[in-house]
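For reference, the structure discussed in these notes is given below.
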2 protein chains.
Amino acid sequence: MTQREPTGDELVELFAALANPVRLRIIATLRGGRDYVSNLARVIGVSRPLLHMHLQRLEAAGVVVGSLELSDDGKAMKYFELADLDLHLTPELIATAAASLTGKENK
Amino acid sequence: MTQREPTGDELVELFAALANPVRLRIIATLRGGRDYVSNLARVIGVSRPLLHMHLQRLEAAGVVVGSLELSDDGKAMKYFELADLDLHLTPELIATAAASLTGKENK
DNA sequence: TATACATGTAAGAAAGTTCTTACACATGAA
DNA sequence: TTCATGTGTAAGAACTTTCTTACATGTATA
């Protein structure tokens, strides 16, 4: 999402992923380092299932990356960290991306 | 939306405004110059009431600016043009904005 | 007057988003 | 075994977004 120019569909998904206060807080929190789902939920102050859903949305958009790991005491822990995100947002970028919008078969 | 750093609430509104294929097409089209509602609807291929709604959303987010004018033959024409939009989108920007999220009284 | 063009808005259907509650499973320690 | 911790997911309510259709207003021209 940061390297090559995003397609129109990717850009819509990225903006949709970022258009939510809880998800912006997740990103802000993850700037302090990777964290796992239950702890993130506590820190941010939302329920774990809700946070799980928000993380899925962010991961689908390529904003965060998750990896399931086993802790020393054998628990399955899903850690999330920020992916690269560095986009120069201008009308030019949008116009380029818009040219590749499919707008049909998308869901 | 391009000059000062956006607040968290403004950023959510901006992303929400951009998270739609029709609205990306509107922005792409307006790069070619200002245009009025009925003509934009024809060019983009959506109904005029629908386009009207999308333009309202873009204007509320500060992405476009509209001005009602009288044409030579006396018709009321509402012209829209792009506002400045130049944002370096990074986790840092998001983290800064997230700190100002209200998350309460906002609808 | 009727047509063509412009504006705005309101009602309602359909679909998507957000959130809670509840369930299921697994491991380690008391 | 029971409790505390972690994982995931499914059902349903409440709300928002998207879109169509229909109505109402106006001016200029045929």
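Being a predicted model, the structure only gives us computed values, none of them experimental. Proteins come first, then strands; the chains are lettered A, B, ... in the order of their sequence lines, and each starts at number 1. As a basis for the values below, the full set of heavy atoms in this structure was taken, side chains included, without hydrogen atoms, waters or symmetry mates.
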Write down the distance between [atom1] ([X]) and [atom2] ([N]), rounded to a whole number of angstrom.
| X | N | atom1 | atom2 | answer |
| --- | --- | --- | --- | --- |
| B:L55 | C:dG8 | CG | P | 9 Å |
| A:L70 | D:dT7 | CG | P | 12 Å |
| A:L50 | C:dT21 | CG | P | 12 Å |
| B:L40 | C:dT7 | CG | C1' | 14 Å |
| B:R57 | D:dT16 | CZ | P | 11 Å |
| A:N39 | D:dA4 | CG | C1' | 15 Å |
| A:M77 | C:dT27 | CE | P | 15 Å |
| B:I26 | D:dT18 | CD1 | C1' | 13 Å |

Considering just the side-chain nitrogens and oxygens of [X], establish if one lies under 4.0 Å of OP1 or OP2 belonging to [N].
| X | N | result |
| --- | --- | --- |
| A:R48 | C:dC19 | no |
| B:N20 | D:dT17 | no |
| B:Y36 | C:dT7 | no |
| A:S47 | C:dC19 | no |
| B:K75 | D:dA28 | no |
| A:H54 | C:dC19 | yes |
| B:R42 | C:dA6 | yes |

Quiz item: With nearest nucleotides of DNA chain C determined for A:A19 and A:D73 from heavy-atom distances, which residue corresponds to the more 5′ nucleotide?
Solution: A:A19
Quiz item: Do you see a donor-acceptor pair shorter than 3.5 Å between the side chains of B:D73 and B:S71?
Solution: yes
Quiz item: Just checking, any donor-acceptor pair under 3.5 angstrom between side chains of B:T90 and A:D86?
Solution: no
Practice problem: When you get a sec, tell me which of C:dT18, D:dT7, C:dG8 is the closest nucleotide to the side chain of A:M53? | Solution: C:dT18
Quiz prompt | Heavy-atom pair of closest approach, residues B:A97 and B:L11 | solution = CB-CD2, 3.6 Å
Exercise. Classify the nucleic acid contact of B:V46 as base, sugar-phosphate or nothing, counting any heavy atom under 4.0 Å across all strands shown.
Key: nothing
Practice problem: For B:R23 and B:A17, indicate whether the former's side chain and the latter's backbone hold a donor-acceptor pair under 3.5 Å. | Solution: yes
Quiz item: Is the backbone of A:G66 close enough, under 3.5 Å, to the side chain of A:E59 for a donor and an acceptor to pair up by distance?
Solution: yes
